[in-house]
Number of protein chains: 2
Amino acid sequence: MKMSDVAKLANVSPATVSRVLSNPDLVSKETREKVMEVINKVNYKPHIVARQFRTKETKIILVVVPDITSAFFSRVLRGIEHVAVKNGYQVILGDTENDTDRELEYINLLLQKQADGMVLLTARQDKEKLEEIAEHFPMVLACEYMDGSNVPTVSIDNISSARKVTEHLIQQGHTKIAHITGPINVVLGRDRLRGFQQAMMSHDLEIDSAYIQEGDFTFESGYNQMLKLLALEAPPTAVFAFNDEMGMGAIKAVKDSNLLVPNDVAIVGFDNIKMASVIEPNLTTIDQPKYEIGKKAMELLLNLINGEALQKKRFVMKDELIVRESSELVKNMP
Amino acid sequence: MKMSDVAKLANVSPATVSRVLSNPDLVSKETREKVMEVINKVNYKPHIVARQFRTKETKIILVVVPDITSAFFSRVLRGIEHVAVKNGYQVILGDTENDTDRELEYINLLLQKQADGMVLLTARQDKEKLEEIAEHFPMVLACEYMDGSNVPTVSIDNISSARKVTEHLIQQGHTKIAHITGPINVVLGRDRLRGFQQAMMSHDLEIDSAYIQEGDFTFESGYNQMLKLLALEAPPTAVFAFNDEMGMGAIKAVKDSNLLVPNDVAIVGFDNIKMASVIEPNLTTIDQPKYEIGKKAMELLLNLINGEALQKKRFVMKDELIVRESSELVKNMP
DNA sequence: CTGAAAGCGCTTACAG
DNA sequence: CTGAAAGCGCTTACAG
């Protein structure tokens, strides 16, 4: 059943059926009702691909996520989705599973006009290339970013947040502080490491190179790297984990080693996912305004799609240090 | 830049360019190389929407998820994705946030030919309607199903699994057993409740109606309903929660009430998400073969898309009871 | 307010 | 192995 069939049944031209569907005000009430009746009777659905092909619009936003499993990204997604749906766009997700090839495949969807715009929650491509694409297609980065790129970006200031959470540990009296990093080939991994180093150095604390262990975002890697740290001759008394997942893994490793958090080892995470306040002891962490990041990113993308100029390219959202049991020695001592 | 422009630059017809891209074997090596050179030089990307319009194929699979946040569904998704990608399909996700209207919107994408097929991880539509659609479009249900529908479906046997986990509690000596259900308007909520009732009745145990409390899948609802149960004059000594999320909420509620799991109240969940083995005490649960469910569902969908007949419509996957600390009294007593 | 007609960018059956 | 031509199902500028 196509539009011309409907037109015949309703004794009008295809153009009129099209108008009834896309621009009903242009059609007289009488005709409109006649056409709608036929449409409903035969349950006609327009072939959207044909429409997209004709109008050059898909009304689809593609969001690329490095890991759909992650509690962190799902909150960001919600922010994106809500703004998109309110503006008549549908959101589809591409999960890369941290694979840059799959990231590239999704970016190609944009180049091939299968979406009107794209939010990248992971940006591990060549910078020049991505900038080149962003010049021609609506695209915004969120959470992850590229050093000194001019692609519109929404994120927190990861360096300063990492510094803040590390300084919290220092203020608790720790001097032997380790850091379980994210993947160092990802900018976030590097930036949080940098913040950690800045805090240590500004307090004249030494960083034992064995105290820097690289993880891969997962609970398991946090667990394993923590076991490594505990096996050192002089284990740290405090650990800053790149994210809450790894922080929780680290807590589990400490417990499994018959040690106490925070008494033997204090642990802090990053992101403030829901589980951070559920696990015991509750995890000290940096709260990222996940929903707002998504919301802001989608708003910027709408601006780009509508050809509006952006006031600025880089939006730095406010983070917050949330101190909980996993790093507060005092409260836990009777 | 369109195909005819490339054709001109390469001194061939558009048809030849098209063949180079979609069916290179039909073109002589010489011509092919000449064309590829131009394509690379101008970085030509075919307009995929035009191709889709022409071929009536999108090579896209739409997966509809009730809650993208859920650790359970993300594993199912992985199974779907892996099979899809291996077969040249791209997976896009639609998150309904448990809203049946949004479910319907995504289903409309299929009707409008914006995807070649669809896996529904939530099926809360009118049965006749969904069956009607499934007759004309490739569609499979996974995890959630519809009573007595003939839409291809992959899931576990929720009734028997719920019976199994309840009987485990009975075997531990419990008689006062409560059930925090899922939403009763969802088939899974009803089926697991039924399994619970079957187990209780077949052991001649009474079900106090106050022992049935309805949750909404979330940690918070598990927490709140558990507090309600604990406030009863005669609180239960064991609780079967619809899923692990709610089970973990229930554990938290018991702890916050200064009671012990499993000594004061045993708790069991359902799904075996990763966190179930991390939380303390570890949560007894039913393992669903999440990845395999997704894999199987996608395989069935490929069959449907390729017009192959299915050997059968209903696939029941194997579940497994995983007994952990949250329900095993003995091991925890010194 | 409505219709006839052109055209969006591809693919493919047909002919040579 | 290659090209000319038709056509996929819509939308919209134009004319009336």
Side-chain angles (χ1 to χ4, degrees), chain A residues 1-39 42-60 88 108-116 136-137, chain B residues 1-39 42-60 88 108-116 136-137:
Chain A
M1 176 70 53
K2 51 182 149 167
M3 194 172 271
S4 55
D5 299 326
V6 174
K8 249 172 242 157
L9 290 172
N11 273 317
V12 296
S13 72
T16 298
V17 178
S18 175
R19 290 192 192 100
V20 168
L21 254 19
S22 310
N23 228 331
D25 293 346
L26 296 180
V27 182
S28 75
K29 185 157 169 287
E30 205 181 358
T31 315
R32 201 191 319 147
E33 283 171 356
K34 190 173 60 179
V35 172
M36 280 311 296
E37 203 176 321
V38 174
I39 286 176
V42 304
N43 192 27
Y44 166 71
K45 299 278 177 203
H47 192 299
I48 298 295
V49 175
R51 173 185 295 168
Q52 292 172 351
F53 172 53
R54 186 48 235 248
T55 60
K56 310 274 168 242
E57 273 190 346
T58 63
K59 288 288 174 188
I60 287 174
N108 275 331
L109 287 185
L110 182 68
L111 302 191
Q112 295 159 350
K113 317 273 173 58
Q114 296 203 73
D116 290 350
H136 300 290
F137 298 89
Chain B
M1 176 70 54
K2 52 183 152 168
M3 195 172 269
S4 54
D5 298 326
V6 174
K8 249 171 242 158
L9 290 172
N11 272 320
V12 296
S13 73
T16 297
V17 178
S18 175
R19 290 191 192 98
V20 168
L21 255 17
S22 310
N23 228 331
D25 293 346
L26 297 180
V27 182
S28 75
K29 184 156 171 289
E30 203 181 358
T31 315
R32 201 191 319 146
E33 284 171 354
K34 190 173 58 180
V35 172
M36 281 311 296
E37 202 176 319
V38 175
I39 287 176
V42 303
N43 192 26
Y44 166 72
K45 298 277 177 204
H47 192 299
I48 298 294
V49 174
R51 174 185 294 167
Q52 291 172 352
F53 172 53
R54 186 49 236 248
T55 60
K56 311 272 167 244
E57 272 190 348
T58 63
K59 289 289 174 187
I60 287 176
N108 275 332
L109 287 186
L110 182 69
L111 303 191
Q112 295 160 351
K113 317 272 174 57
Q114 297 204 73
D116 290 351
H136 301 290
F137 298 88

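In what follows, chains carry the letters A, B, and so on, assigned in the order in which the sequence lines appear, proteins first and then strands, with residues in each chain numbered from 1. The figures here come from the full heavy-atom set of this structure, side chains too, leaving out hydrogens, waters and symmetry mates.
Distance Asn23(A) CG to dA13(D) P: 10 Å, rounded to the nearest Å. When rounded to the nearest whole Å, the span between CD of Glu57(A) and C1' of dT11(D) equals 12 Å. Taking atom CG of residue Leu26(B) and atom P of nucleotide dA13(C), one finds them 11 Å apart after rounding to whole Å. Per the geometry, NZ belonging to Lys56(B) stands 11 Å off C1' belonging to dT11(C), to the nearest Å. When rounded to the nearest whole Å, the span between CG of Asn11(B) and P of dT2(D) equals 13 Å. Distance Lys8(B) NZ to dC10(C) P: 13 Å, rounded to the nearest Å. When rounded to the nearest whole Å, the span between CZ of Arg32(B) and P of dT2(D) equals 10 Å. Distance Leu21(B) CG to dT2(D) P: 15 Å, rounded to the nearest Å.
Thr55(B) places a side-chain N or O within donor-acceptor distance of the main-chain N or O of Arg51(B), the cut-off being under 3.5 Å. A donor-acceptor contact shorter than 3.5 Å is absent between the side chain of Lys113(B) and the backbone of Leu110(B).
The side chain of Tyr44(A) places no N or O atom within less than 4.0 Å of a non-bridging phosphate oxygen (OP1 or OP2) of dG9(D). Look at Thr55(B) and you won't find any side-chain N or O under 4.0 angstrom from OP1 or OP2 of dC10(C). OP1 or OP2 of dT2(C) has at least one side-chain nitrogen or oxygen of Ser28(A) nearer than 4.0 Å.
Among the nucleotides dC10(C), dG3(D), dA4(C), the one closest to the side chain of Lys2(B) is dC10(C). Candidate nucleotides dT11(C), dC8(D), dC10(D) were compared by shortest atom distance to the side chain of Arg51(B), and dT11(C) ranks first.
Closest-nucleotide positions on DNA chain C for Arg54(A) and Thr16(A) were compared, and the one nearer the 5' end corresponds to Thr16(A). Each of Ile48(A) and Thr31(B) has a nearest nucleotide on DNA chain D; the 5'-most of these lies closest to Thr31(B).
In this model, a donor atom of one side chain and an acceptor atom of the other lie less than 3.5 Å apart for Gln114(B) and Gln52(A).
In this structure dA4(D) sits in no base pair that meets the Watson-Crick or G-U test at under 3.5 Å. The nucleotide dA13(C) finds no pairing partner, because no Watson-Crick or G-U wobble arrangement with both distances shorter than 3.5 Å includes it.
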Determine, stepwise, if the pair Lys56(A) / His47(B) fulfils side-chain contact (heavy atoms from CB on, under 4.5 Å). CA-CA 10 Å; Lys56(A) 310 274 168 242; His47(B) 192 299; 4.1 Å; yes
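Below the 3.5 angstrom threshold, one finds a donor paired with an acceptor across the side chain of Arg19(B) and the base of dG3(D).
Val49(A) comes within contact range of no nucleotide atom at all, as no heavy-atom separation falls under 4.0 Å. Residue Ser22(A) is in sugar-phosphate contact alone, with no base atom involved, counting any heavy-atom pair closer than 4.0 Å across all strands shown. Here Ser18(B) lies in heavy-atom contact (under 4.0 Å) with a base.
When the C1' atom is compared between dT12(C) and dG16(C), the two are found 16 Å apart, to the nearest whole Å.
Residue ring and nucleobase are not stacked for Phe53(A) and dC10(D) under a centre distance beneath 5.5 angstrom and an angle between planes beneath 30°.
Atom CD of Glu37(B) sits in a sparse spot, with 12 or fewer heavy atoms from other residues, nucleotides or ligands closer than 6.0 Å.
Taking each heavy atom of Phe137(B) and Leu111(B) in turn, the nearest pair found is CE1-CD2, 3.4 Å.
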